[in-house]
Student: 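Provided herewith is a single structure, encoded as structure tokens, for subsequent inquiry.
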Amino acid sequence: MATTATATAQRKVKFVITRKDSPDAASYTEEFEVPYRPNMNVISALMEIQRNPVKADGAKTAPVCWESNCLEEVCGACSMVINGKPRQACSSLVDKLEQPIRLEPMSTFPVVRDLVINRERMFNALKKVKAWIPIDGTYDLGPGPRMAESKRQWAYELSKCMTCGVCLEACPNVNDRNSFIGPASISQVRLFNAHPTGEMNAHERLEALMEEGGIEGCGNSQNCVRSCPKGIPLTTSIAAMNRDTTKHMFKQWLGM
Amino acid sequence: MAGNSYLPRKIHSLLGVIPLGLFIVEHALTNYSAYEGGAEGFSKSIDFLNSVPLVFWLELFVIWLPILFHGVYGLYIAYQSNLNSGRFSYGRNWAFTMQRITGVITFIFIAWHFYETRFQVTLGNVKHEDLGQHMNDILSNPVALTAYIIGVVAAMFHFANGLWAFLVSWGITVGPRAQKVSSNICMVIFVILSVLFLLSLVAFRGDEFSSEAAAALSAVSFG
Ligand code: SF4
Ligand code: FES
């Protein structure tokens with residue numbers, strides 16, 4: 001027991017972290033060596049750096065900032081680029097990562113500090129496409145229509161989206177030169193348009209996708225569906241919304 | 001860019017298939033007639049095309065204006081992408097990257113090819129019946145031949161892969177199965193059209209299209 005404890009205590013995990021002191025500051029990298037513990041994940045390593053903010057060369061530094069909340073891959077707050085791929089830090093086990101482990105912010109989004117990013121554009125996109133079901137009123141509307149079980153099953157998969165931003169980070173068309181809204185909110189339009197009550201406002205969501213900064217920027221690289229941690233069929237959602245917006249366009253032309 | 005790009009993007013995608021895709025097929029078959037029927041077969045095909053009524057207006061509205069819009073707007077679309085197939089090395093992402101690279105190559109190739117052939121006909125420097133021989137002259141230069149091979153293969157990839165993307169962007173192929181099947185079909189189209197054009201390049205390099213043979217032939221059929 002005692003010997004294995006010292007053996008694990010001596011093992012170190014190497015990290016190379018991209019840092020940034022403020023939104024406008026230049027970024028730089030720092031190296032850290034964190035004592036290994038069995039089953040540790042990237043968040044527990046970051047917590048260790050927070051407790052003891054010393055670089056690999058022994059010099060003290062400011063603790064690394066990151067965001068996390070649920071620690072079980074359902075809130076999406078801890079998304080960052082780990083060894084080149086965007087993913088959740090809380091579900092990234094150190095044992096399964098190649099070392100040194102490289103942590104970078106998802107720089108498709110504005111970087112606030114170190115690994116902390118601002119995902120506001122995703123929440124704005126959800127507002128733009130009205131990703132909710134309007135049932136507020138001055139009197140009780142009574143129960144809505146039921147959803148078929150067969151539909152509920154695939155719609156449930158779409159509802160797992162945690163607005164983590166990984167699909168936007170992976171997309172070559174989400175950038176400053178392109179107004180593409182990004183895969184996540186397009187899939188949410190499909191979800192809310194599939195709902196029997198949400199369907200009553202389907203045209204509003206489709207029209208939002210047909211405005212500038214909507215669905216049109218998709219270039220079919222399909223990185224999103226390969227990257228989504230929740231396995232959401234994003235490219236199917238995008239193609240389905242391509243179909244629905246195309247139909248809607250013809251209906252508008254024909255005045256139907 | 002100001003305004004709403006929903007419609008321009010959709011039209012850009014459509015124009016690549018109709019009419020430009022149809023023109024590519026026509027062009028491939030006309031050229032292939034040089035391989036199959038030699039100089040005579042090729043000049044018959046050209047005669048047929050020139051006999052089509054309103055040929056100038058057809059060229060203008062079915063070929064030149066769509067190409068201009070598709071090409072210029074396409075360059076803008078390419079500019080709007082951050083190519084990342086190094087980081088996300090997936091098949092479809094490579095196709096995405098290649099679609100943009102081949103698009104730029106095709107744009108340059110078509111501009112050059114148009115200048116050398118159709119535009120020279122307009123200027124009166126080359127006659128329709130001498131086009132085969134004219135191609136022979138161009139392709140006898142190894143640099144030009146290499147450029148033609150690259151241009152033709154790039155253009156055919158761009159068309160075939162663009163057809164796949166058109167089916168997605170217009171919401172025709174929705175599920176992964178449909179997109180997989182259409183991807184296989186489009187790659188077969190890529191190979192077939194590339195082979196047709198490459199064979200016509202082989203034919204144009206043949207002796208039959210060299211200056212003397214063409215002179216003899218035109219003396220017979222157009223004399
Ligand atoms: S669709 Fe997937 S990758 Fe995109 S934000 Fe939602 S959970 Fe994250
Ligand atoms: S902390 Fe919630 S997803 Fe990682």
Side-chain angles (χ1 to χ4, degrees), chain A residues 81 83-86 104 106-108 154 166-181 186 190 206-227 233-250 252-253, chain B residues 1-14 16 73-101 103 158 161-183 186:
Chain A
V81 178
N83 285 349
K85 292 269 162 45
E104 296 159 71
M106 295 203 304
S107 47
T108 293
W154 63 255
V166 161
C167 53
L168 276 79
E169 173 72 15
C171 177
N173 274 5
V174 174
N175 61 54
D176 300 342
R177 278 165 281 125
N178 199 316
S179 63
F180 180 41
I181 195 167
I186 298 175
R190 180 166 172 235
L206 294 178
E207 281 159 20
L209 286 183
M210 294 163 75
E211 284 167 11
E212 176 70 12
I215 196 172
E216 83 289 345
C218 176
N220 302 304
S221 81
Q222 304 208 335
N223 286 352
C224 54
V225 74
R226 303 287 298 258
S227 306
L234 290 164
T235 47
T236 307
S237 288
I238 293 173
M241 291 307 99
N242 277 330
R243 168 177 290 181
D244 288 357
T245 55
T246 306
K247 278 191 199 157
H248 194 67
M249 176 178 73
F250 284 118
Q252 281 178 328
W253 283 349
Chain B
M1 206 187 238
N4 186 350
S5 50
Y6 181 82
L7 201 56
R9 279 290 288 238
K10 271 223 150 43
I11 289 176
H12 173 264
S13 176
L14 176 67
Y73 197 71
L75 288 179
Y76 176 65
I77 292 177
Y79 158 78
Q80 283 186 305
S81 299
N82 278 348
L83 303 183
N84 63 5
S85 36
R87 224 173 124 207
F88 301 94
S89 196
Y90 311 133
R92 280 258 62 95
N93 195 31
W94 273 108
F96 173 93
T97 299
M98 290 312 292
Q99 185 67 4
R100 278 141 188 85
I101 294 175
H158 189 81
N161 191 54
L163 178 61
W164 175 85
F166 160 80
L167 292 174
V168 179
S169 298
W170 279 74
I172 295 162
T173 48
V174 172
R177 247 182 79 95
Q179 294 180 2
K180 183 83 211 133
V181 171
S182 66
S183 159
C186 288

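Below, read A as the first sequence line, B as the second, and so on, with proteins coming before strands; counting in each chain starts at 1.
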Student: Heavy atoms only: give me the nearest B/Ser169-A/Asn220 pair and the separation to one decimal.
Tutor: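 Nearest heavy atoms, B/Ser169 then A/Asn220: OG-ND2, 3.4 Å.
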
Student: Please flag which part of B/Leu7 lies under 4.5 Å from any non-hydrogen atom of chain A: side chain, backbone, both or neither.
Tutor: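 Looking at B/Leu7, just its side chain touches chain A.
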
Student: Got a second to check how far A/Cys171's SG is from B/Asn82's CG, nearest 0.5 Å?
Tutor: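 Reported value, rounded in 0.5 Å steps: 9.5 Å.
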
Student: Using every non-hydrogen atom in the two residues, find where A/Ala239 and B/Gln179 come nearest and quote the distance to one decimal.
Tutor: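 Minimum heavy-atom separation between A/Ala239 and B/Gln179: CB-NE2, 3.7 Å.
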
Student: Less than 4.5 Å apart, any side-chain heavy atom of A/Pro86 and any of B/Phe88?
Tutor: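 A/Pro86 reaches B/Phe88 side chain to side chain.
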
Student: For the residue pair A/Met210 and B/Asn4, what are the closest heavy atoms and their distance?
Tutor: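 Reported closest heavy-atom pair: O-ND2, 2.7 Å.
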
Student: Let me know if B/Thr173 has heavy atoms under 4.5 Å from chain A in its side chain, its backbone, both or neither.
Tutor: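 The answer is the backbone of B/Thr173.
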
Student: B/Ala95 versus chain A, heavy atoms under 4.5 Å apart: side chain, backbone, both or neither?
Tutor: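 For B/Ala95, there is no contact with chain A at all, as no heavy atom is under 4.5 Å.
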
Student: Check each atom of A/Ile215 against the heavy atoms of chain B and say whether the ones under 4.5 Å are side chain, backbone, both or neither.
Tutor: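 A/Ile215 touches chain B through side-chain heavy atoms alone.
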
Student: Locate the shortest heavy-atom distance separating A/Asn173 from B/Arg100; write the atom from each residue and the value.
Tutor: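 The answer is ND2-NH2, 4.3 Å.
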
Student: To check you understand the geometry: which heavy-atom pair defines the closest contact between B/Ser5 and A/Glu216, and what is its length?
Tutor: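 The answer is OG-OE2, 3.1 Å.
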
Student: Checking heavy atoms, do the side chain of B/Trp94, its backbone, both or neither come under 4.5 Å from chain A?
Tutor: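 Contact with chain A is absent: no heavy atom of B/Trp94 under 4.5 Å.
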
Student: I'd like to verify something: which residue of A/Val174, A/Asn223, A/Thr236 has the highest number of heavy-atom pairs under 4.5 Å with chain B?
Tutor: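 Maximum pair count with chain B is reached by A/Asn223.
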
Student: What part of A/Ser227 lies closer than 4.5 angstrom to a heavy atom of chain B: side chain, backbone, both or neither?
Tutor: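 Just its side chain gets close to chain B.
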
Student: Any chance you could measure B/Tyr79, atom OH, to A/Arg177, atom CZ, to the nearest 0.5 Å?
Tutor: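 Reported value, rounded in 0.5 Å steps: 5.5 Å.
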
Student: A/Thr246: which residues meet the side-chain contact (heavy atoms from CB on, under 4.5 Å) condition with it, sequence neighbours left out?
Tutor: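 side-chain contact (heavy atoms from CB on, under 4.5 Å) check on A/Thr246 returns A/Met249, A/Phe250, B/Tyr6, B/Lys10, B/Trp170.
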
Student: Between B/Arg87 and A/Gly84, which heavy-atom pair has the shortest distance, and what is it?
Tutor: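 Looking at all heavy atoms of both residues, the shortest contact is NE-O, 3.1 Å.
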
